[in-house]
Structure formats: structure tokens, C-alpha cells
> 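Before we start, here is the structure in question, set down as C-alpha cells.
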Amino acid sequence: MGGAILLGSFRRCKVGLMARPLPPILRAVWPAAAAEPPAAAVEAIGRAVEVLSRRGLVAIPTETVYGLAAIAFDEEAVAAIFRAKGRPSTNPLIVHVADIAMARSLAADWPAAAEAIATRFWPGPVTVVVPRGPRIPDIVTAGGPTVALRCPDHPLARRLIAAAGTPLAAPSANRSEGVSPTTALHVLESLGNRIDLILDGGPCTKGIESTVIDCTSSPPRILRPGPLSRAAVEAAVGGPVEWPAAEPAAVTARSPGQQARHYAPKTPLEMPDDACGRVAALVDAGQRIGWLTSRTDDPDVRRLAASRDLVIVPMPADVEGFAARLYATLHALDQRQLDRIIVDRPPDDEAWRAVRDRLTRAAVRT
Ligand code: AMP
Ligand code: MG
């Protein structure tokens, strides 16, 4: 498996990049019960600080997805993030902080909603957008007047930010538009020798990107649904919070990072209303299909399971479990030369909105 992944990334390397070696992967899993870092983590953090201070790019674990980090105050280092990802310069980055004090130091104004959200949920999977202070370079915010800030709930990431003594700009550690990485190997497969170091802190527990909340408007507005529900945010701010007006099928490239196609595997993905019927028809037509379904006890699903050309991936029926497993499943299926990935349409309720958002964008073909 590891060999196949390495070969895959070599094949995709441009000739000009071949001279660069693949980045070291430093494994430093931090047992939940341990307050102090294990020796491997101390060593990994030291190496990462060194790499960051000479403007290098370090992939770091967080509880949402792996991030590709550079020192947020260093324009040149941040420019290297955009190059490594192939990310349009119009799509601003989230700046990761060690605590609320560091966040406040980066904001021109710290709205009450940001304070309420950060106090209640940080470290955690929620990003606040606030007026930008003067220390944040233009390149981080895509020239805009606001900055997105988050304190990640992963001990390696937080220790690293504290040890570096500076906030880190870090988008997801994958090539632009692709599926975000939830393991160190996903990072290697997507970015390979475009980056300098990977810290392996184990698989991400949340598995989808943070909830992004614009705290400069009143009421605050959710720009990107994520692991944190609207109800939880409303309880924290003590009032209503707006959702994006439309679900992604109707979203245009109006706001940065909200382009319709995003989070997409290389294999075409569909979310049909009648997944069973669609899978049966495609298999009949001779296609090789991967199918994400929670209905593995359904007799119709079991009948289809006998087909040689069908890979059924049983998915958790609860939204947290589904989200945690989703990207790793898409990465794995992408390695299998399938014609198509079919996903059961998730329930049409609010709790599943972030997952529906990612899947709908993954299904858009350009
Ligand atoms: P990524 O880190 O790749 O998951 O993407 C970061 C997300 O945060 C994108 O959807 C960006 O559009 C969003 N974002 C970052 N900075 C801002 C900002 N200043 N205002 C609004 N959205 C932002
Ligand atoms: Mg991303």
C-alpha cells in the first residue's frame, strides 16, 4: 500500500521537481491521557520550528484535517503555500493560533460573537472571521479586510504554534480542489515533494473542515458548515446565526473558497436519489463501482454485493462517524481505478448539512 502511494506521487511529479526529495514524515502520536509531550513529539516540534523559521512548509495534524503550515507573518513563506497547493490567490487562508490571546493580537477588533465562540469552543473545529489587524500580510487574507482565525484541538499543532511563538497560516494540506487529507499518508500522496516536512499525529478525529463563522456581521453568519452545528453556535452567542442562503448546487464562485467544485476525488462521484437502482444499472453496464452506504443490512444492497465489479464501503449511520471516515474512504477508493463512486444521499436535515455540502461539491464535474 505504502509503495503504491509513493509511486503514485512520483509519477505525478513534474520533471523540474524531481530533484527535490520527498519530505520526512515524523510520527509523534500523543496519547490522550498524557499532559506532557512524548519524546517523539518534542523532537518533531523542534524539527518543525526549524523548518518553519527558514520559510519551509510543514504539514501538521489537527482534529479537522491536516494543514499545510507556514509562518503567517512571512509573506514569502505564505506564497509558497499557494504555490505548493496550486491554490488561487483569491482564496484566503485560516490563521492558526495557540490561544485566544494570540487571536486577539491579530484582530483590529474582537467582536462579542468571536469572544463567545472562542471561549466556548476553542480549542476546537470552528473558525472566526474578524477585522484584520495590521500584522497580517495581504497575501493571507487575499487582500480582504478580515482574517479567519482558529485554535486547533490537537496537542501537536498547539504545541508547535506555541513553540514557534507565531501564528501559522494553514489551509488543508492537499492540492487545490482535491479531497482534504485526514492522515499523513494522504498528505504525502497529494503534495509529495512540494513540501518540506510532515508531522504524523495520527488520523484526524473530526475528518471534515472547520465551521467558518463571519463575526463581522450582525447576526453572525456561517460561511462554511462544519463539525460544529448551528444550534451549538447559537447557544454560545445567545442569539440567531445565519446559514449560507443556498446549498452548494446553487452556489457560484461569489465568495472565496466557496466555488462549487471542491473536496473532489479524481474518480467521478454521484449522490443519486435511488442509489440502489443507479448502482445496479451501472454494474449491469460493466462499470466498476465504489459505493458508500450505511444500509448494508438492506436485502437489495446484499444482493448487489455479490457483484465482482462492486466495492461496498459500509459507512457509519451517525453523522460524526460518517464525517470522520468520509475523506479516508474517498482517498482509498481513488487508488482502485474505479469508474464511479456512488454515495447514498445523506438525510436532508440540519445535522448533515456540512457532510451534504462536501459531497455536493465533490460531485460537481467541470
Ligand atoms: P481551507 O483552509 O482550505 O479549508 O479553506 C479555508 C476556508 O476559510 C475557505 O473557505 C476560505 O474562503 C475561508 N476563509 C479564510 N479567510 C477568510 C476570510 N477572511 N473571510 C471569509 N472566509 C475566509
Ligand atoms: Mg482546502
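The basis for the numbers below is simple: all heavy atoms, side chains too, and nothing from hydrogens, waters or symmetry mates. If you're wondering where the values come from, they're calculated on a predicted model, not measured in any experiment. If you read the sequence from its start, that first residue is 1, and numbering goes on from there. First listed ligand is number 1; within each ligand, the first listed atom is number 1.
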> Say whether Leu292 and Val311 are linked into one hydrophobic cluster, either directly or through other cluster members, by side-chain heavy-atom distances under 4.5 angstrom.
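Yes, because Leu292 and Val311 connect within a single hydrophobic cluster, where side-chain heavy atoms sit under 4.5 Å apart.
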> Below 4.0 Å from ligand 1: does a non-hydrogen atom of Leu93 turn up there or not?
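Checking ligand 1 against Leu93, which is what was asked, there is a heavy-atom contact under 4.0 Å.
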> What is the distance from atom OG1 of Thr205 to atom CD of Glu63, rounded to the nearest 0.5 Å?
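Reported value, rounded in 0.5 Å steps: 6.0 Å.
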> Over 60° means perpendicular and under 30° means parallel, so tell me whether Tyr327 and Tyr263 are parallel, tilted or perpendicular.
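The rings of Tyr327 and Tyr263 lie parallel, inter-plane angle below 30°.
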> Could you tell me which atoms of ligand 1, counted from 1 in the order shown, lie closer than 4.0 angstrom to a heavy atom of Leu223?
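In order of number, 21 (C), 22 (N).
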> Are any of the N/O atoms on Glu209, whether in the backbone or the side chain, positioned under 3.5 angstrom from an N/O atom of ligand 1?
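By distance alone, the answer is no.
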> May I ask you to check if ligand 1 and Arg87 share an N or O to N or O distance below 3.5 Å?
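Checking ligand 1 against Arg87, an N or O pair does fall under 3.5 Å apart.
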> Could you tell me whether the side chain of Arg221 and the main chain of Thr216 form a donor-acceptor pair under 3.5 Å?
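Absent.
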> Pick, from Thr64, Thr146, Asp214, Val65, the option with the minimum heavy-atom distance to atom 19 (N) of ligand 1.
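Answer by nearest heavy atom: Thr146.
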> Under 4.0 Å, counting heavy atoms only: does Gly144 come that close to any atom of ligand 1?
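Gly144 does not count as a contact of ligand 1 under the 4.0 Å cut-off.
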> Are Asp349 and Arg356 within salt-bridge range, i.e. N to O under 4.0 Å?
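A salt bridge is absent here (no side-chain N lies under 4.0 Å from a carboxylate O).
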> Counting only heavy atoms closer than 4.0 Å, does ligand 1 sit against the backbone of Asn91, its side chain, both, or neither?
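For Asn91, only side-chain atoms sit under 4.0 Å from ligand 1.
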> I'd like to check which ligand 1 atoms, numbered from 1 as shown, lie under 4.0 Å from a non-hydrogen atom of Ile94.
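So the atoms of ligand 1 that pass are 6 (C), 8 (O).
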> Nearest 0.5 Å please: distance from the CG atom of Leu223 over to the CH2 atom of Trp243.
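Those atoms lie 11.5 Å apart.
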> Is the distance from the Mg ion (ligand 2) to the nearest N/O/S atom of Ser172 under 2.8 Å?
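Of the N, O and S atoms in Ser172, at least one lies under 2.8 Å from the Mg ion (ligand 2), which means yes.
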> Quick one: look at Arg224 and ligand 1, take heavy-atom pairs under 4.0 Å, and tell me if it's side chain, backbone, both or neither.
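Near ligand 1, Arg224 shows its side chain, while the N, CA, C and O stay back.
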> If you measure from each heavy atom of Val129 to ligand 1, is any distance below 4.0 Å?
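Per 4.0 Å heavy-atom rule, Val129 contacts ligand 1.
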> Does some side-chain heavy atom of Val140 sit less than 4.5 Å from a side-chain heavy atom of Arg132?
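Of all side-chain heavy-atom pairs linking Val140 with Arg132, none is under 4.5 Å.
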> Closer than 4.0 Å to some heavy atom of Pro171 - which atoms of ligand 1 meet that?
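With Pro171 as reference, the close atoms of ligand 1 come out as 2 (O), 3 (O).
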> Rounded at 0.5 Å granularity, tell me how far OG1 in Thr296 sits from CZ in Arg302.
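So the OG1 of Thr296 and the CZ of Arg302 are separated by 7.5 Å.
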